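Throughout, residue positions are numbered sequentially from 1 according to the sequence presented. Because only heavy atoms are used, hydrogens play no part in the values below, and waters and symmetry mates are left out as well, while side chains stay in. Small disclaimer: the values here were computed from a predicted structure and weren't measured. As the structure lists them, so they are numbered: ligands from 1, and atoms in each ligand from 1.
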Amino acid sequence: MNSVIECLVTRRSVREFTDKAISPDNLMQILEAALFAPSGMNMQSWHFSAVTNKTLIKSLAASIGREIRRSDYDFYQPAALIIPSNLPTNPLGKDDNACAIENIMIAAHSLGIGSVWINQLQGISFVPEIRSILTEMQVPTENEVYGIVALGYAKNANIPVPERKGQYVIL
Ligand SMILES: Cc1cc2nc3c(=O)[nH]c(=O)nc-3n(C[C@H](O)[C@H](O)[C@H](O)COP(=O)(O)O)c2cc1C
C-alpha cells in the first residue's frame, strides 16, 4: 500500500480532541490542499474560513445549538474549524465543497491532525443569528455553508474502524 492510500484508509473521524493548538503553518498546508481539490467546470467559487478563536467557535456552536435545540452542541470542542462556503448560484458548489472537505481531512491526517465532518450548518447558514457569526468569521455574505470540518489532535490514538459495508465489482 503506498503512503497516499495508507493515509486514506487510516483516517478516522475524530470526536475527542486535546487542547493542543494547530500551528498556522499546518493550517495553511491544509487550506492549500483544499484549494487543489477538483471543482465542477473548474469554478473554484469556494471560500475557506479557518477559525482558531475559541470564543468565536463557541459562539457559533451555541447559535447552532439554539437553532437545532441542542443545548450541549459544541462541535466536539475542536482546536479549529474550517468553514468552506460557496455561491448558492453554483449548482455544483456543494459537490465542490465536499471534494475540498475530503482534501482537508486527508491533508490534516497526513500531518497527524484529526478531523470530523460537521453537518449541522446545512440549510441554516442564512439564519440571521448564525449568519452574523459567520460574517465575523469572514464567510462571504452571499455564500452558503454546507458541511464544515472540526480539527484538532485526537485524544485517543486508536479509534475503532467502523465496518466497511460498501460493495464493489471489477469487471
Ligand atoms: C456527508 C457527511 C456528513 C457527516 N456529518 C457528521 C456530523 O455531523 N457529525 C459527526 O460526528 N460526523 C459526521 N460525519 C462523519 C461520519 O459519521 C463518519 O465518516 C462515518 O461514521 C465513518 O467513520 P470514519 O470517518 O471514521 O471512517 C459525516 C460524514 C459525511 C461524509
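Taking 4.5 Å as the limit, some side-chain heavy atom of Tyr153 sits within range of a side-chain heavy atom of Ile113. A 4.5 Å side-chain heavy-atom check between Arg66 and Ser63 finds at least one atom pair inside the cut-off. In this structure the side chain of Ile104 reaches within 4.5 angstrom of the side chain of Ile30, judged on heavy atoms. At a threshold of 4.5 Å between non-hydrogen side-chain atoms, the residues Ile82 and Leu31 count as touching.
The closest non-hydrogen atom to atom 17 (O) of ligand 1, taken over Gln120, Arg15, Glu102, Arg164, comes from Arg15. Considering each of Phe75, Trp117, Tyr146, the one bringing a non-hydrogen atom nearest atom 7 (C) of ligand 1 is Trp117.
Below 30°, between 30° and 60°, or above 60°: for Phe48 and Trp46 the angle between ring planes is between 30° and 60°, a tilted geometry.
Numbered from 1 in the order shown, with element, the atoms of ligand 1 that lie under 4.0 Å from a heavy atom of Val116 read 10 (C), 11 (O), 12 (N). Close contacts between ligand 1 and Arg12 involve ligand atoms 24 (P), 26 (O), 27 (O) [criterion: under 4.0 Å to a heavy atom]. Distances below 4.0 Å separate heavy atoms of Tyr76 from the following atoms of ligand 1: 9 (N), 10 (C), 11 (O).
Ranking the protein heavy atoms by distance from atom 5 (N) of ligand 1 puts Asn119 CB, 3.5 Å first. Among all protein heavy atoms, the one lying closest to atom 26 (O) of ligand 1 is Ser13 N, 2.8 Å.
At a distance under 4.0 Å, a protein heavy atom can be found next to atom 2 (C) of ligand 1.
Side-chain N or O atoms of Arg70 include none that pairs as donor or acceptor with a backbone N or O of Glu67 at under 3.5 Å.
Contact analysis puts Pro162 in contact with ligand 1, with a non-hydrogen atom separation below 4.0 angstrom.
Ser49 and Gln138 are not linked by any side-chain donor-acceptor pair at a separation below 3.5 angstrom, with hydrogens and angles left out of the test.
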